[in-house]
Structures are given as C-alpha cells and as structure tokens.
There are 2 protein chains.
Amino acid sequence: MPVNDDTAGVIKSADRLFQIVETLKDLDGATVTELSDHLDLPPSTTHRYLKTLHQQGYVDKRNGEYHLGLKFLDIGGYVRHSKPVRREIKPTVRELAQETNEAASFIMEHRGLGVFVYRETSESGVNTEVRLGKRSSLHLSSGGKAILANLPEERIEDILDHHGLPQKTTQSIQDREELLTELEEIRERGYAIARSEHTDGVNSVGAPVRLSDGTVLGAITIVGPAFRMQGERLTEELPPLLLGKINEFVLNFSHS
Amino acid sequence: MPVNDDTAGVIKSADRLFQIVETLKDLDGATVTELSDHLDLPPSTTHRYLKTLHQQGYVDKRNGEYHLGLKFLDIGGYVRHSKPVRREIKPTVRELAQETNEAASFIMEHRGLGVFVYRETSESGVNTEVRLGKRSSLHLSSGGKAILANLPEERIEDILDHHGLPQKTTQSIQDREELLTELEEIRERGYAIARSEHTDGVNSVGAPVRLSDGTVLGAITIVGPAFRMQGERLTEELPPLLLGKINEFVLNFSHS
DNA sequence: ATTTTAGATTCCGTTTTGTGGAATTGAATC
DNA sequence: GATTCAATTCCACAAAACGGAATCTAAAAT
C-alpha cells in the first residue's frame with residue numbers, strides 16, 4: 001500500500017478536519033470523548049474542531065452527540081447534479097432498467113474505487129439498497145471490472161497495489177493474475193460479467209462508457225437476482241442490448 | 001443581519017477551507033486565480049488549500065480547473081440516508097404523492113432555511129426539478145410557513161432578522177407583520193397554503209410534522225399546478241388528507 | 001523557432017494560529 | 001447535596017499557516 005509522500009505543503013488542520021468528518025460518518029455520530037479516543041486527540045482539540053464545524057453548519061449537535069449536518073446534503077446534491085455526465089446518462093440507464101425489468105446503474109471510478117452515481121430500479125428489479133455515492137472495490141462488480149479493464153496498465157497496477165483485492169463473497173476474485181487475465185478478456189469482449197462476486201445471489205453485466213477520445217467515463221451495469229440473470233440471457237441477450245444503448249449514448253454525448 | 005460574534009476559539013483555516021469549497025460550488029469550478037480573486041487571498045495560499053483538498057479527494061483537477069469531487073457525493077449520500085427521519089418519512093410522502101397524483105415532499109429547517117430532504121413525484125405531478133438538499137427561505141413555501149409557525153417565537157424573530165424576506169414572485173410575502181399574522185392562522189388551522197409564492201403557477205399545502213414532545217421535525221407538502229390546486233380541493237380536500245397521513249406517521253414514529 | 005506573458009506552483013523567513021494540559025463549568029447519578 | 005464524568009474554556013508555547021517573491025510551465029504572440 002504505497003501512499004503518496006506528498007504530505008508536504010499541505011494544511012494539517014484541514015486533514016484533521018476531514019478525519020473528524022469521516023469518523024463522524026463512520027461512527028454515525030459521536031460525542032467529543034468518543035471522537036478523541038478514536039482519533040487519539042486531546043478532547044480540547046477535538047472540541048475545537050467540532051465547534052468550528054458546528055458554527056459552519058456542517059455538523060449538528062443533538063443532545064451531546066455530534067452528527068454530520070444537512071449542509072453536506074447540499075454540497076452532495078450539487079456534485080451529483082453538476083456532473084453533466086449524470087444528467088446525460090440518466091435516460092440511458094432508465095431505459096435499460098425498463099427494457100430488462102432489472103435494476104441498472106451507472107458507476108464512475110474515483111481514486112481507485114467505484115462510486116455509484118446513478119441507479120434506476122424497475123418494478124421487479126432487485127433493490128440492493130445501494131446508496132448513491134457508495135464506494136467499493138472495482139474488482140467486485142461487473143461495472144468495476146469493465147472500468148478497470150479500460151484504464152492504462154500502469155493505472156491498474158497502482159490501483160491494485162493500493163487497494164488490494166478485498167473479498168466480499170466466496171466468489172470474489174482473489175488472485176491478481178486471474179483478475180488480469182479476466183480484464184484482458186473483458187477488453188476483447190467489450191463487457192464484463194460478475195456472478196455473486198459482490199453479493200451472493202446477485203449477478204450483473206457491465207460495460208464501459210468510453211468517449212471517442214478513449215476516456216472512460218464510467219460503466220453501466222444491469223443487475224439482477226442470479227435465478228433470472230443466467231444462461232443465455234446473461235451471456236447472449238443482455239450484453240448486446242447494453243452495448244447498443246451505451247453506443248447510442250456516446251454518439252449523442254459527443255456532439256453536444 | 002446580526003451575525004454571531006462567536007468567532008472565538010474557532011479554527012480559522014477550517015473556515016477558509018469551507019469558504020473555498022463553497023465558492024468552488026458557486027462558481028461551478030474555478031482556477032487558482034479566479035478563486036484567489038474572489039476570496040481576496042494570495043494565490044499561494046489558495047493553492048495550498050486546493051492542494052490539500054485535492055489530496056484528500058474532495059476536489060478534482062481537470063485541465064487547470066478545480067472542481068468539487070465525488071467524495072462529497074459520498075458524504076451527502078450518507079447524510080441523506082443516515083437521517084432516521086428520512087427512512088421513516090419516505091412511505092408517507094410516497095403515499096401522499098400517489099393518492100393525490102401530485103408531487104409531495106418533505107422539508108426540514110436548518111439554520112433558518114428550508115432544506116429539501118425527500119421528494120416523490122407521481123406521473124402527473126409537477127416536476128419542479130428541485131434538487132435534494134436545496135435550500136430556500138421558509139416564508140416562500142407552505143411547508144416552510146408550517147415549520148416557521150411552529151417554532152418558538154424568539155427563534156422566528158431571529159430567523160427573520162437574519163434572512164429577511166427575499167422575494168421570488170409578485171405573490172411572495174413581503175411584509176413581516178402580514179407574515180406573522182398568517183403564521184398565527186397557520187398555528188390554529190394546523191396547515192399552510194401557498195399560492196404562487198415561490199414559483200408562479202405552482203400552489204401547495206403544507207403541514208408540520210410534530211413529535212409528541214412538541215419538536216418540529218419538518219413539514220410535508222403537496223405541490224401542484226395552480227389550475228389543479230385550487231378551490232375546494234386546495235382548501236377542503238387536501239388539508240385533512242395531509243394532516244391524517246402525518247398524524248398516522250407520528251403515531252408510528254414515536255413508539256419505535 | 002524564439003520570445004513573451006499569464007498563471008500555477010514552490011520556497012522560506014516571519015508571525016499568526018492551532019495546540020493540548022490544566023482549570024472550569026454543567027449535568028447527570030448516587 | 002455531594003460526587004463523578006464529560007463538555008467546554010483558557011492560556012503560554014511551539015508549530016504551522018501565511019504570503020511575498022522566486023521559479024516553473026505552457027500557451028500565445030512574434
């Protein structure tokens with residue numbers, strides 16, 4: 001896990017600030033003491049940060065516990081909508097969900113992880129209650145693998161070095177060589193498949209959204225329960241549908 | 001506009017950090033120079049903050065321009081879902097949207113402004129493209145007025161002093177006394193109505209969600225085009241429906 | 001190809017600002 | 001009313017942020 005040693009010329013209090021915000025998120029709210037224990041900081045310091053955060057509206061205080069505030073909702077909402085990508089991709093994802101009667105989603109790569117940017121569920125689609133903004137390792141999902149396969153080799157190595165291959169189910173890919181081989185196949189085929197690799201009993205097909213200049217915007221995946229997502233449907237029927245829709249999207253997107 | 005003089009014991013760099021984040025949001029991305037001009041900071045300082053933000057993944061750099069990063073999406077998503085309120089209120093809002101065939105939403109008060117926390121649109125419902133997390137003055141909407149009416153008098157004064165009465169349409173309430181009188185009526189009646197006060201041609205009914213201890217969680221509103229939202233429907237039919245649903249919700253919510 | 005220029009980035013001595021231990025306040029619990 | 005545990009405030013000191021100036025980079029102009 002090589003970490004950038006670019007820790008020079010950076011504002012330390014800002015780093016701490018984010019540490020606190022992130023811990024507050026992980027602990028789902030906390031008191032001063034809990035936080036200072038977790039971060040190994042004196043309570044006075046912790047308190048000063050919380051006070052600052054509170055005054056700015058980024059943290060709320062509810063009977064002694066501090067919680068992340070609604071202001072993050074504001075910024076988060078902005079980020080989601082500001083991405084032209086999202087606005088554009090929406091109809092495509094929706095159509096896929098409707099036509100397949102499964103769930104469809106769009107994910108983007110950010111700092112080596114996959115981020116759920118948009119999701120559409122049809123009536124019968126699985127509702128894996130994936131939060132928008134949720135991050136997870138790229139090797140665990142078809143969309144993630146599709147993205148990974150289309151990054152420069154060097155980038156792939158970096159990401160794998162940095163994040164490793166955390167396991168979520170017994171089917172998760174464990175071996176780096178195995179993954180690299182599969183990525184090669186995905187590159188040739190143009191799409192990826194995942195069978196219970198992220199969640200047991202859930203399969204998916206995913207394909208990259210690549211712009212004309214070769215940039216990978218992200219990936220679209222169709223996700224469903226294993227009993228429906230199998231056999232010919234999974235390997236013959238859905239991939240062309242997905243690739244067709246993505247192609248359509250890319251054409252529209254480029255000359256706008 | 002009295003501002004807290006509690007600027008003591010607070011971390012200055014954190015304040016600046018958020019200034020930068022917020023400016024980045026307002027400008028929808030900016031270069032170092034643009035930012036330092038806007039904030040009247042030396043470029044070196046501005047740059048240091050951006051570098052920090054970037055290193056943490058909260059800001060992305062795309063050909064010289066800095067933009068808020070997807071990590072805010074992550075936190076924003078957390079905040080939305082972490083609120084037990086939201087999870088609980090969802091079904092109620094959805095039912096209202098379906099039964100009335102209009103749009104319904106849930107808003108909360110935060111620092112004197114209304115924040116859209118959740119919204120559900122039915123087929124024929126207006127789609128006022130309100131972003132979740134969007135903030136606006138309380139006096140402009142029925143939900144906002146419903147919340148305002150149920151805050152302690154002192155709090156109301158504070159909020160009005162602080163935010164004033166910005167106008168959005170010719171129908172927006174302009175006069176403080178007029179507003180206070182209306183709030184009094186709302187308190188008695190139990191619900192509020194807004195006619196083109198926020199957006200021309202859009203009316204709404206809103207009512208507060210109050211817990212048994214008197215705390216106001218927020219308000220639910222039913223929003224629709226003026227031509228459908230008028231006459232008896234607006235004043236006789238919808239209010240009892242709304243109040244009934246909210247009452248149902250509060251009962252469920254309290255013993256859980 | 002060469003120069004010019006505007007902006008991004010790094011450097012470094014100065015001084016402001018954050019730090020954390022200790023003191024104080026507040027609010028539960030016995 | 002006393003006790004205890006956590007939140008909050010205080011303050012002298014050390015560390016870290018500051019910002020002006022130097023440097024680097026890349027694009028525009030000649």
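Only a predicted model underlies this, so the values are computations on that prediction, with no experimental measurement involved. The figures that follow rest on heavy atoms only: side chains count, while hydrogens, waters and symmetry mates do not. Below, chain A is the first sequence line, B the second, and so on; all start at residue 1.
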What is the distance, to the nearest angstrom, from the [atom1] atom on [X] to the [atom2] atom on [N]?
X: B/I11; N: D/dA17; atom1: CD1; atom2: P; value: 11 Å
X: B/Y49; N: D/dA17; atom1: OH; atom2: P; value: 8 Å
X: A/Y66; N: D/dA6; atom1: OH; atom2: P; value: 15 Å
X: B/H54; N: C/dT10; atom1: NE2; atom2: P; value: 11 Å
X: A/D15; N: D/dA17; atom1: CG; atom2: C1'; value: 13 Å

B/S/- along nucleotides 23-30 of chain C (protein heavy atoms under 4.0 Å) is --------
task: State, yes or no, whether a side-chain contact exists between B/I89 and B/V117 at a heavy-atom distance under 4.5 Å.
output: no
| message | Could you check whether any side-chain heavy atom of B/L39 comes within less than 4.5 Å of a side-chain heavy atom of B/T23, counting everything from C-beta outward? | response | yes
So, for [X] and [Y], which heavy atoms are closest and what is the spacing to 0.1 Å?
X: A/L140; Y: A/K168; value: CD1-CG, 3.3 Å
X: B/L179; Y: B/L165; value: CD2-CD2, 3.8 Å
X: B/A149; Y: B/L183; value: CB-O, 3.7 Å

Sorted by chain and residue number, the side chain to side chain contact (heavy atoms under 4.5 Å, CB included) partners of B/S142 (sequence neighbours excluded) come out as B/A192, B/A194, B/S204, B/T221
Contacts of B/E177 meeting side chain to side chain contact (heavy atoms under 4.5 Å, CB included) (sequence neighbours excluded), chain-then-number -> B/D175, B/L180
Cut-off 3.5 Å, side chains only: do A/H67 and A/E65 have a donor facing an acceptor?
yes
Below 3.5 Å between N/O atoms, which protein atoms pair up with nucleotides 11-16 of chain C? Just atom names and distances, please.
none

Paired with B/Y58, the ring-ring contact (aromatic ring centres under 6.0 Å, His included) test is passed by just one of B/F18, B/F72, B/Y66, namely B/F72
[X] side chain N/O closer than 4.0 Å to the phosphate oxygens (OP1, OP2) of [N]?
X: A/K51; N: D/dT9; result: yes
X: B/T45; N: D/dG19; result: yes
X: B/H47; N: C/dA8; result: no

Can you list the steps and then say if B/R176 with B/E157 is a salt bridge (charged side-chain N to carboxylate O under 4.0 Å, His left out)?
CA-CA 10 Å; B/R176 186 156 169 160; B/E157 300 292 343; 2.5 Å; yes
Value for CG (B/L73) from NZ (A/K134), rounded to nearest 0.5 Å, stands at 13.5 Å
For residues 16-31 of chain B, the salt bridge (charged side-chain N to carboxylate O under 4.0 Å, His left out) pairs (sequence neighbours left out) are A/K71-B/E22, A/D74-B/K25
In short, the helix from C/dA1-D/dT30 to C/dC30-D/dG1 is bent end to end, axes from five pairs each side, to 10°, by 50°
Are there more than 12 heavy atoms of other residues, nucleotides or ligands under 6.0 Å from atom NE2 of A/H38?
no
Please tabulate the protein-to-nucleotide N/O contacts below 3.5 Å involving nucleotides 24-26 of chain D, giving atom names and distances.
none

Contacts of B/E34 meeting salt bridge (Lys or Arg N to Asp or Glu O under 4.0 Å) (sequence neighbours excluded), chain-then-number -> none
Between A/E182 and the options A/R189, A/R187, A/K145, the salt bridge (charged side-chain N to carboxylate O under 4.0 Å, His left out) test singles out A/K145
Note: contacts of residues 35-42 of chain A with DNA chain C (heavy atom, under 4.0 Å) are A/P42
Those residues at least two apart in sequence (or on a different chain) that pass side-chain hydrogen bond (donor to acceptor under 3.5 Å, both in side chains) with A/N247 are none
side-chain hydrogen bond (donor to acceptor under 3.5 Å, both in side chains) filter on B/Q19, not counting sequence neighbours, yields none
Sorted by number, residues from residues 16-30 of chain A placing a heavy atom under 4.0 Å from DNA chain D are none
### Message
So does A/L35 get a backbone contact from the side chain of A/T46, meaning a donor-acceptor N/O pair under 3.5 Å?
### Response
no
